[in-house]
Protein chains: 2
Amino acid sequence: LAKLQPGVRSSLERIVGAEHLRVDPDALASYGVDALGQGHPADLVVLPGSTEEVAAILRLCNDARVPVVPRGAGTGYTGGAVPVRGGVVLSLERFTHILEIDIANLLAVVEAHVITGDLQAAVERVGLFYPPDPASLSQSTIGGNIAECAGGPRAFKYGVTRRYVLALEAVLATGEIIHTGSKAVKNVVGYDLTQLIIGSEGTLAVVTKAVVRLVPRPAQQATLGASFDSIEAAVSAIAALLAAGALPATLELIDADTLAAVADYAGRALAPPGTAALLIIEADGLPAGVAEELSRVESACRGAGATRIETAVEAAERAELWRVRREMSLAVRALAPLKINHDVVVPKGRIPALFALIERLRREHGLRIPCFGHAGDGNIHVNIMVDPANASAIAAARRAERTLFEGVVALEGSITGEHGIGFSKAPYLSLELSSAEIALMKRVKQAFDPNGILNPGKIFPD
Amino acid sequence: LAKLQPGVRSSLERIVGAEHLRVDPDALASYGVDALGQGHPADLVVLPGSTEEVAAILRLCNDARVPVVPRGAGTGYTGGAVPVRGGVVLSLERFTHILEIDIANLLAVVEAHVITGDLQAAVERVGLFYPPDPASLSQSTIGGNIAECAGGPRAFKYGVTRRYVLALEAVLATGEIIHTGSKAVKNVVGYDLTQLIIGSEGTLAVVTKAVVRLVPRPAQQATLGASFDSIEAAVSAIAALLAAGALPATLELIDADTLAAVADYAGRALAPPGTAALLIIEADGLPAGVAEELSRVESACRGAGATRIETAVEAAERAELWRVRREMSLAVRALAPLKINHDVVVPKGRIPALFALIERLRREHGLRIPCFGHAGDGNIHVNIMVDPANASAIAAARRAERTLFEGVVALEGSITGEHGIGFSKAPYLSLELSSAEIALMKRVKQAFDPNGILNPGKIFPD
């Protein structure tokens with residue numbers, strides 16, 4: 001791939017106008033990082049205003065063999081939206097319109113840079129619901145969520161982003177505008193390019209527009225917090241409530257290390273002393289169904305030895321329980337300057353084995369590793385907290401990280417459930433995939449992007 | 001592609017043993033048709049007994065450039081499992097084992113040729129549930145369901161086959177055995193090859209094994225039948241019940257032409273005179289939730305002008321309501337020797353426009369076109385009934401078919417929601433996909449199968 005030639009800059013300027021190029025060092029630096037906090041400054045940032053401009057930019061960069069890094073809100077944890085060796089950052093930030101909310105057909109048509117939380121608010125105002133709820137939803141965009149296949153607490157009942165995307169408008173590296181899927185909720189016409197592009201981290205195509213599926217807004221939501229004195233007890237409560245026919249919207253778990261961080265940060269304990277796991281469980285649906293579900297959840301938790309149970313049906317009570325979840329992030333961040341946030345995932349019955357492994361990592365490496373996440377999906381955020389100025393702590397964190405990844409693969413899980421590979425996990429790809437599988441994925445990449453200009457250095461190890 | 005050379009036959013015999021080759025004309029003919037009733041006899045049928053044998057067969061046929069047609073139970077409606085110009089039919093029929101039902105992790109590991117209904121029965125015995133329920137479930141296989149991305153009535157609430165497949169073991173045309181996905185319910189490691197292979201109709205890889213996701217068996221199920229004197233009224237009942245917070249497992253619609261066929265066949269009417277649409281709606285979940293849901297469904301139906309409502313909570317009553325659905329198939333088949341069964345799909349609010357189009361086709365072409373299907377998904381089975389001996393009727397049916405497909409695309413729907421393209425719909429692919437999209441799909445095909453030996457003549461028009 002080539003460095004940015006002067007002619008490319010002037011051509012880009014002709015496509016989008018000078019006011020939609022960013023070349024000042026501050027902009028190049030800020031578009032060169034995401035939530036991972038690492039990356040490389042862009043050579044140039046371009047802000048197209050239409051799909052046709054995206055197509056023209058890609059044709060130009062493909063001809064000149066210049067790398068193009070598509071970028072949403074930059075909230076990802078694996079460096080997916082940042083250049084690894086320069087090139088053009090193509091920010092979708094001008095694609096901000098909700099084009100259509102179609103109540104009769106339960107769908108919305110949105111541009112790529114619509115903020116997920118804004119879409120949720122807009123559809124809830126007309127009685128509908130867009131379930132995917134990544135923690136970043138107040139900043140992250142539908143396009144970014146699609147690039148990474150974002151999840152969130154409600155994925156347990158409702159499924160991840162993949163389940164809510166019916167159709168895409170996207171631009172290939174060679175500049176062709178394609179439309180995948182349709183407004184129909186079922187479609188088996190040829191290969192499912194929609195599903196293939198979702199989660200491809202901007203390496204196959206630039207998504208400019210999406211048709212998303214909506215569901216009716218649940219009539220009622222209720223939340224329950226249950227404390228347990230072991231991870232095993234919490235996991236057996238989950239098994240028992242599922243066996244009792246409950247299917248909550250969320251099944252979130254918060255571990256002792258996180259609870260301790262919150263107690264230190266907020267100055268009050270969220271759970272009784274000795275709590276090893278706090279479950280936050282939300283039920284939604286029709287009122288009678290929610291009441292029955294909550295009562296089954298409660299008896300399952302009691303049967304599994306819950307030491308404290310709090311239920312919240314009113315909005316204010318629910319908000320208080322969920323405030324914990326928000327404080328948690330701040331409290332964890334306060335532990336150390338660097339949070340190495342991994343979203344590993346295991347078959348849910350193996351969560352105790354995962355936590356046994358994490359406990360061993362804490363002991364062997366002397367690290368704070370607060371963990372929380374989507375227990376119903378077996379998807380746990382493992383936060384290795386370190387001071388980047390401390391070289392031996394960083395080295396320990398990297399050793400712990402490798403052991404963690406090897407451990408989840410041995411448990412028949414996966415090294416990432418929501419965040420993607422980006423460049424930070426690329427060195428670990430072969431822990432989970434064989435060389436035949438990686439070679440096949442590279443051939444698929446080639447089918448979309450013959451010159452490898454789209455988001456190079458991501459997913460695949462160099 | 002090459003004709004079957006004598007050396008290939010003896011090599012195949014060495015791989016699987018003579019007892020697992022079929023070469024007699026009866027076998028070649030019977031493996032040469034599926035539910036579409038058209039096709040071409042196989043040159044040879046091979047029945048491998050292991051994934052390694054599948055790999056050896058594919059390596060051999062790839063080297064000799066011999067077409068290989070993977071085949072499940074042969075219940076498809078688009079010719080997906082039959083040769084179009086000879087070659088080897090690779091039947092998975094010896095892959096019949098349920099290898100694992102893992103209650104703690106809510107998953108099952110199955111070989112490709114496990115009958116869908118058998119898997120459902122096996123998991124229901126231990127309190128679990130495999131939702132996808134194609135009409136063919138007593139014969140069709142998980143492998144076939146994966147190849148076509150099968151749906152069924154319960155897809156409305158639960159989603160299609162795609163949502164229940166976590167991982168695949170599959171063999172590439174070049175003989176490499178790959179494993180996609182994992183036992184974790186979330187996985188964003190590289191491209192989602194699992195989702196790409198699902199619905200690819202045996203053109204990308206031969207699926208030998210799958211890990212499927214299970215859910216807890218619903219504690220209760222209840223069924224409601226509601227008759228309406230117009231399609232519009234039935235569709236407005238669906239909108240109203242969704243707006244009221246009901247989310248039934250199924251929302252099936254049966255039209256007047258089908259009801260007339262059942263009345264003629266069974267000698268009794270299923271709905272009051274003048275019924276234009278009968279909805280069969282099933283609710284499932286916890287008992288209090290089901291009761292509340294059913295009551296909301298009932299008032300929504302009454303509000304939309306239902307002329308008769310029957311509810312069935314006991315198993316025997318439910319079975320009676322669903323017997324209609326089974327009789328329906330027989331009754332429709334009795335109308336004419338050939339049923340051209342199309343599974344078109346539109347955004348659900350546009351079902352009345354779809355039925356207006358079908359009514360026009362009936363009038364203009366003088367055809368019986370009984371329709372029924374999954375109204376909640378906008379997925380309607382349009383059955384054009386003709387006598388194949390009547391050339392002018394066949395010509396009329398073909399004209400009606402093209403008008404139907406053009407119409408659903410104009411309604412922003414899709415020409416197939418469940419059955420796939422096979423060879424029968426391949427000539428219509430470009431109604432829905434642009435040449436850039438088709439070219440991209442062909443490059444993806446090439447990435448998997450460089451010599452084009454896997455199921456040639458399917459999906460893509462010649």
Side-chain angles (χ1 to χ4, degrees), chain A residues 104-105 107 127 148-149 151 159-160 163 176 178 182-193 195-196 199-200 216 218-219 239 242-243 245 285-286 288-289 292-293 345-349 377-379 412-418 420-421 429 432-433 436-437 440-441 443-444 446-447 459, chain B residues 104-105 107 127 148-149 151 159-160 163 176 178 182-192 195-196 199-200 216 218-219 239 242-243 245 285-286 288-289 292-293 345-349 377-379 412-418 420-421 429 432-433 436-437 440-441 443-444 446-448 459:
Chain A
N105 294 309
L107 57 86
E148 303 299 322
C149 193
V160 295
R163 181 153 156 72
E176 293 102 324
I178 61 167
S182 71
K183 285 189 176 174
V185 297
K186 292 171 166 176
N187 184 324
V188 289
V189 174
Y191 304 138
D192 198 328
L193 300 180
Q195 293 295 328
L196 179 57
S200 68
L242 292 173
L286 298 176
E292 184 175 19
E293 187 155 284
V345 49
V346 295
K348 67 168 121 332
D377 289 325
N379 184 197
E412 297 182 278
S414 173
I415 64 173
T416 174
E418 301 181 319
I421 298 293
L429 196 70
E432 196 163 328
L433 300 178
E437 291 147 15
L440 175 58
M441 287 184 187
R443 293 197 300 275
V444 170
Q446 179 92 8
I459 300 182
Chain B
N105 294 309
L107 57 85
E148 303 299 322
C149 192
V160 296
R163 182 154 155 71
E176 294 102 323
I178 61 167
S182 71
K183 284 187 176 176
V185 297
K186 290 172 167 176
N187 185 322
V188 288
V189 175
Y191 304 138
D192 198 327
Q195 293 296 329
L196 180 57
S200 67
L242 292 174
L286 298 176
E292 185 176 17
E293 185 154 287
V345 50
V346 294
K348 66 166 119 337
D377 289 325
N379 185 197
E412 297 183 276
S414 172
I415 65 173
T416 174
E418 302 181 318
I421 298 292
L429 196 69
E432 198 163 329
L433 300 178
E437 292 147 16
L440 176 59
M441 288 186 187
R443 294 197 300 273
V444 170
Q446 179 92 7
F448 277 77
I459 300 183

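Here the structure is a predicted model, which means the values were calculated and not measured. Chain letters run A, B, ... following the sequence lines, proteins first, then strands; residues in each count from 1.
Considering only heavy-atom pairs separated by less than 4.5 Å from chain B, the leading option among A:L193, A:I415, A:L429 is A:L193. Between chain B and the residues A:G190, A:P218, A:A219, the largest count of heavy-atom pairs under 4.5 Å involves A:G190. For the set B:D192, B:V189, B:L196, the entry with the most heavy-atom pairs within less than 4.5 Å of chain A is B:V189. The greatest number of non-hydrogen atom pairs below 4.5 Å with chain B, out of A:I421, A:I178, A:V345, A:L286, is found for A:L286. Residue with the most contacts toward chain A among B:G378, B:P347, B:S200: B:P347 (heavy-atom pairs, distance under 4.5 Å). Per-residue counts of heavy-atom pairs under 4.5 Å with chain B were compared for A:L433, A:V185, A:N187; the largest is that of A:N187. Contacts with chain A were tallied for B:M441, B:R443, B:K348; B:M441 has the most, counting heavy-atom pairs under 4.5 Å. Contacts with chain A were tallied for B:Q195, B:E437, B:E176; B:E437 has the most, counting heavy-atom pairs under 4.5 Å.
For B:L242, the parts sitting under 4.5 Å from any heavy atom of chain A are the backbone and the side chain alike. In this structure, chain B has heavy atoms under 4.5 Å from both the backbone and the side chain of A:V444. There is no contact between B:Q446 and chain A, counting heavy-atom distances below 4.5 Å. The contact between B:E292 and chain A is made by backbone and side chain atoms together, counting heavy-atom distances below 4.5 Å. Using a 4.5 Å cut-off between heavy atoms, A:N379 contacts chain B through its side chain alone, with no backbone atom that close. Looking at B:D377, the atoms closer than 4.5 Å to chain A (heavy atoms on both sides) sit in the backbone and in the side chain alike. Looking at B:A239, neither its backbone nor its side chain comes within 4.5 Å of chain A, counting heavy atoms on both sides.
In this structure, A:S414 and B:S182 approach most closely via the heavy-atom pair CB-OG, 4.0 Å. Residues B:A184 and A:G413 share a closest heavy-atom pair of CB-CA, 4.1 Å. B:E418 and A:V188 make their closest contact through N-CG2, 3.6 Å (heavy atoms, listed as atom of the first residue, atom of the second, distance).
The closest side-chain donor-acceptor pair between B:N105 and A:E412, if any, does not fall under 3.5 angstrom.
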Begin from the C-alpha positions of A:Y191 and B:I459 and carry the test side chain to side chain contact (heavy atoms under 4.5 Å, CB included) through to its verdict.
-> CA-CA 9 Å; A:Y191 304 138; B:I459 300 183; 3.7 Å; yes

